[in-house]
Every structure is written in C-alpha cells, then in structure tokens.
Amino acid sequence: MLDKQKVKLGIAPIAWTNDDLPDLGKENTFEQCISEMALSGFSGSEIGNKYPKDAAVLKKALDLRGLRICNCWFSTFLISKPFEDTEKAFEQQTDFLRALGADVIGVSEQSYSIQGKPQPVFEGKYVMNDREWNLLCTGLNKLGEIAHRKGMKLTFHHHMGTVVQNEDEIDRLMKETDPRLVFLLFDSGHLRYCGIDPESLMKKYITRIRHIHLKDIRQDILSHVRLDKLSFLDAVRRGVFTVPGDGCIDFEPLFDLIEKNGYKGWLVVEAEQDPAHANPLEYALKARSYIREKTGL
C-alpha cells in the first residue's frame with residue numbers, strides 16, 4: 001500500500017481534450033474537465049490548452065473543486081535554437097507553475113520531433129550527434145539550475161517520436177546530465193510502446209524519478225501500429241493508449257517499487273483517447289478504482 005502522505009494522485013486533461021489532436025474532445029469544456037476530475041476522486045491535474053492562462057483565475061477554479069496543479073508540459077528546442085529562446089519561456093512557465101503551487105515541470109525536447117507528423121513513429125526518428133547531445137544535456141543542466149533556484153524540479157519526459165525515445169537515449173541523458181538538477185518523468189505507456197520494460201527502467205532510475213505518468217497500452221492495437229507503420233497520432237486515434245488496468249501493463253511491480261523506494265511525488269493518469277469512444281469520466285472512474293484497489297490511495 002502506498003503512503004498518502006508521500007504519494008498524490010492526479011489525472012491529465014488530455015483524456016477530455018487532446019492538445020495534439022484538437023478535434024478529439026473539442027466539445028468538452030475546461031469546467032467540465034476539472035469537475036469530472038474532482039468527481040472521479042483525483043486531487044491533482046496537469047495543464048491543458050483550454051486551461052485559463054491567468055494563474056489567479058485558474059487557481060480559483062481548481063480550489064472550488066479541491067484540485068491543484070502538479071505539472072505541465074514544456075517544449076524545449078535546445079539543439080535547434082539559441083538557448084536564450086528556451087530560457088526565457090522556461091522562466092515564464094516556472095513562474096506560472098509556482099504561482100499555482102506546483103514544484104515540478106515536465107520538459108520534452110521537441111527539436112526535429114515527428115510525434116505530430118504523419119509519418120511512421122518507428123521510422124525516420126531524428127538521431128542526435130555528439131554535438132547535439134552536448135547541447136541538450138548542457139542546456140538541461142542550465143534549466144535545471146533555474147528550476148532549482150525557484151524551488152522546483154525539472155523532469156525530462158521521454159516521448160515517442162522525439163530525440164529521446166528509446167532506452168539507450170534515456171540512459172545517455174541520465175548519464176550526461178547532473179543528477180542534482182535533471183530528473184526523469186517516468187511514463188509507463190511510452191516505455192511499453194517503444195518496447196522497453198517499465199519495471200526494469202523504473203528499477204534503474206527510481207532515485208532520479210520525480211514525476212510518474214500512469215498510462216496503459218492496448219497490445220493488439222500496438223501490434224497493428226507496428227505492422228501498418230502508423231504515425232504516433234494515428235495510433236492515438238486507433239486507441240493504443242488506455243488507463244491503468246485496462247491494457248497489457250502490469251502495474252503492481254511498479255507500485256511495489258514506488259513503495260519500497262519511498263517515492264515522494266505525483267502519480268498522474270495520462271491516457272489520451274478519443275472521448276467519443278472512451279468517455280473521459282467513465283475511464284477516469286475506472287482508473288481511480290483500479291489504483292485504489294492496488295495501492296490503497
């Protein structure tokens with residue numbers, strides 16, 4: 001059983017409205033989204049594109065429902081643009097998050113990303129050279145120092161279609177960044193999608209993990225994705241992702257590792273699906289029930 005004083009449970013708005021595929025859930029409002037999050041029994045949320053940009057307005061809406069912001073996505077372009085471009089936006093986003101009480105920011109390097117392009121996600125992915133690896137890791141250390149000064153932690157989000165997707169790339173990133181400044185955002189779904197064993201990777205980096213996305217995979221659909229050479233977004237439309245307990249990933253070993261290693265932070269259900277086929281409230285309740293059964297949270 002997980003300690004409620006150490007581990008908090010949140011959910012991402014991407015199940016209600018998809019930021020990468022705006023037609024998925026376009027009918028769902030911000031107010032509906034956060035109301036159903038609270039109704040499902042979650043206490044935290046990440047930030048979606050429909051969320052108010054004014055921190056005071058957003059905080060009031062969340063406070064009314066007993067929710068708080070725990071993280072948000074931040075795109076870096078450290079290997080393709082001047083560092084100062086990313087630095088300025090990072091300063092602004094961390095200030096916004098701190099105003100909302102968050103202490104984590106999830107970073108993904110989006111230079112040359114194909115996650116939003118109509119091409120097979122396992123083919124044509126950009127591979128960095130040594131110069132680019134140095135730019136990325138040096139830049140992340142600098143951003144991590146900024147976050148640290150603000151009382152926050154930078155967590156890096158490995159993601160399908162990006163320059164840090166497979167296990168070798170995750171390993172190199174962890175090796176070449178400062179463990180005091182750069183942490184890992186662990187995403188079970190992206191690991192399994194890429195053919196990585198989530199349990200094995202969590203064991204390897206549990207001391208560097210500061211934020212966790214709980215995402216499940218429908219193996220039959222993933223097999224078709226590989227066979228048909230689908231893009232990442234086409235796979236999302238097909239329903240490759242689902243909530244914990246509804247797919248092929250065994251989460252119990254992950255929960256055991258989280259407990260035994262004293263993890264402190266958020267577990268966030270993040271399962272982008274088409275709301276027309278996977279009602280967000282229904283799946284949020286399904287995830288909440290599964291997590292309660294397995295962890296006691």
Taking the six-membered ring of F251, is the NZ or CZ of K294 close enough (under 6.0 Å from the centre) and on axis enough (within 45°)? no

If only atom types and distance count, is the side chain of D3 paired as donor or acceptor with the main-chain N or O of E259 below 3.5 Å? no

Is a side-chain N or O of S43 found less than 3.5 angstrom from the main chain of L9, in a donor-acceptor match? yes

Nonpolar side-chain network containing L39, other nodes, edges under 4.5 Å: L281, L285

For the residue pair R218 and T242, confirm or rule out a side-chain donor-acceptor distance under 3.5 Å. yes

Taking all non-hydrogen atoms of both residues into account, name the closest pair between L214 and P244 and its distance. CB-CG, 3.6 Å

Under the ring pair (Phe, Tyr, Trp, His ring centres under 6.0 Å) rule, collect the residues that match up with W133, sequence neighbours excluded. none

Indicate yes or no for a side-chain donor-acceptor contact from D178 to the backbone of N141 under 3.5 Å, with no hydrogens or angles considered. no

Considering non-hydrogen atoms only, spot the tightest contact between A271 and K215 and give its length. CA-CG, 4.3 Å

Do I69 and V104 share a hydrophobic cluster, counting only Ile, Leu, Val, Met, Phe, Trp and Tyr and linking them when any side-chain heavy atoms are less than 4.5 Å apart? no

For D23, is there an ion pair with R237 - N to carboxylate O distance below 4.0 angstrom? yes

Partner of F74 under side-chain contact (heavy atoms from CB on, under 4.5 Å), chosen from T94, L154, T86: T86

At their closest point, which heavy atom of S188 faces which heavy atom of I249, and how far apart are they? O-CD1, 3.6 Å

Establish whether I114 and M128 are linked, either directly or via other cluster members, by ILVMFWY side-chain heavy-atom contacts under 4.5 Å. no

Tracing side-chain contacts under 4.5 Å among Ile, Leu, Val, Met, Phe, Trp and Tyr outward from V268 reaches W266

Tell me, which pairs form a ring-ring contact (aromatic ring centres under 6.0 Å, His included) where one or both residues lie in residues 147-182, sequence neighbours left out? W73-H157, W73-H159, H157-H159, H157-H190, H157-H213, H159-H190, H159-F232

Please answer whether the main-chain N or O of A56 pairs with a side-chain N or O of D54 as donor and acceptor at a distance below 3.5 Å. yes

Between D228 and L230, is there a donor-acceptor pair closer than 3.5 Å when you use the side chain of the first and the backbone of the second? no

Are I14 and L24 linked, directly or through intermediate hydrophobic residues, by side-chain heavy-atom contacts shorter than 4.5 Å (ILVMFWY only)? no

Whether the side chain of R65 engages the backbone of A38 through a donor-acceptor N/O pair (distance < 3.5 Å, no angle test) should be reported. no

Please check this pair: side chain of T76 against backbone of L78, looking for a donor-acceptor N/O pair closer than 3.5 Å. no

Can C72 and L97 be said to form a side chain to side chain contact (heavy atoms under 4.5 Å, CB included), step by step? CA-CA 8 Å; C72 79; L97 285 169; 3.7 Å; yes

Taking a hydrophobic cluster as the set of Ile, Leu, Val, Met, Phe, Trp and Tyr residues connected by side-chain heavy atoms closer than 4.5 Å, whether directly or through intermediates, do Y290 and L297 fall within one such cluster? yes

Taking R172 first and then D130, would you say they form a salt bridge - that is, a charged N and a carboxylate O separated by under 4.0 Å? yes

If we ignore hydrogens and angles and just use 3.5 Å, is the side chain of K153 paired with the main-chain N or O of V182 as donor and acceptor? no

Would you confirm whether R192, through its side chain, and I217, through its main-chain N or O, come within 3.5 Å as a donor-acceptor pair? no

Could you point out which residue of Q32, E36, E27, E272 forms a side chain to side chain donor-acceptor pair (under 3.5 Å) with W16? E36

When you measure from the side chain of T155 to the backbone of I105, do you find a donor-acceptor pair of N or O atoms at a distance under 3.5 Å? yes

Same hydrophobic cluster for M174 and L201, using side-chain heavy-atom links shorter than 4.5 Å among ILVMFWY? yes

For L143 and F90, the nearest pair of non-hydrogen atoms, with its separation, is O-CE2, 3.2 Å

Can you list, by chain and residue number, the hydrophobic cluster partners of V127 when the side-chain cut-off is 4.5 Å? none

Could you name each residue pair satisfying ring-ring contact (aromatic ring centres under 6.0 Å, His included) that touches residues 23-58, not counting sequence neighbours? F30-Y51

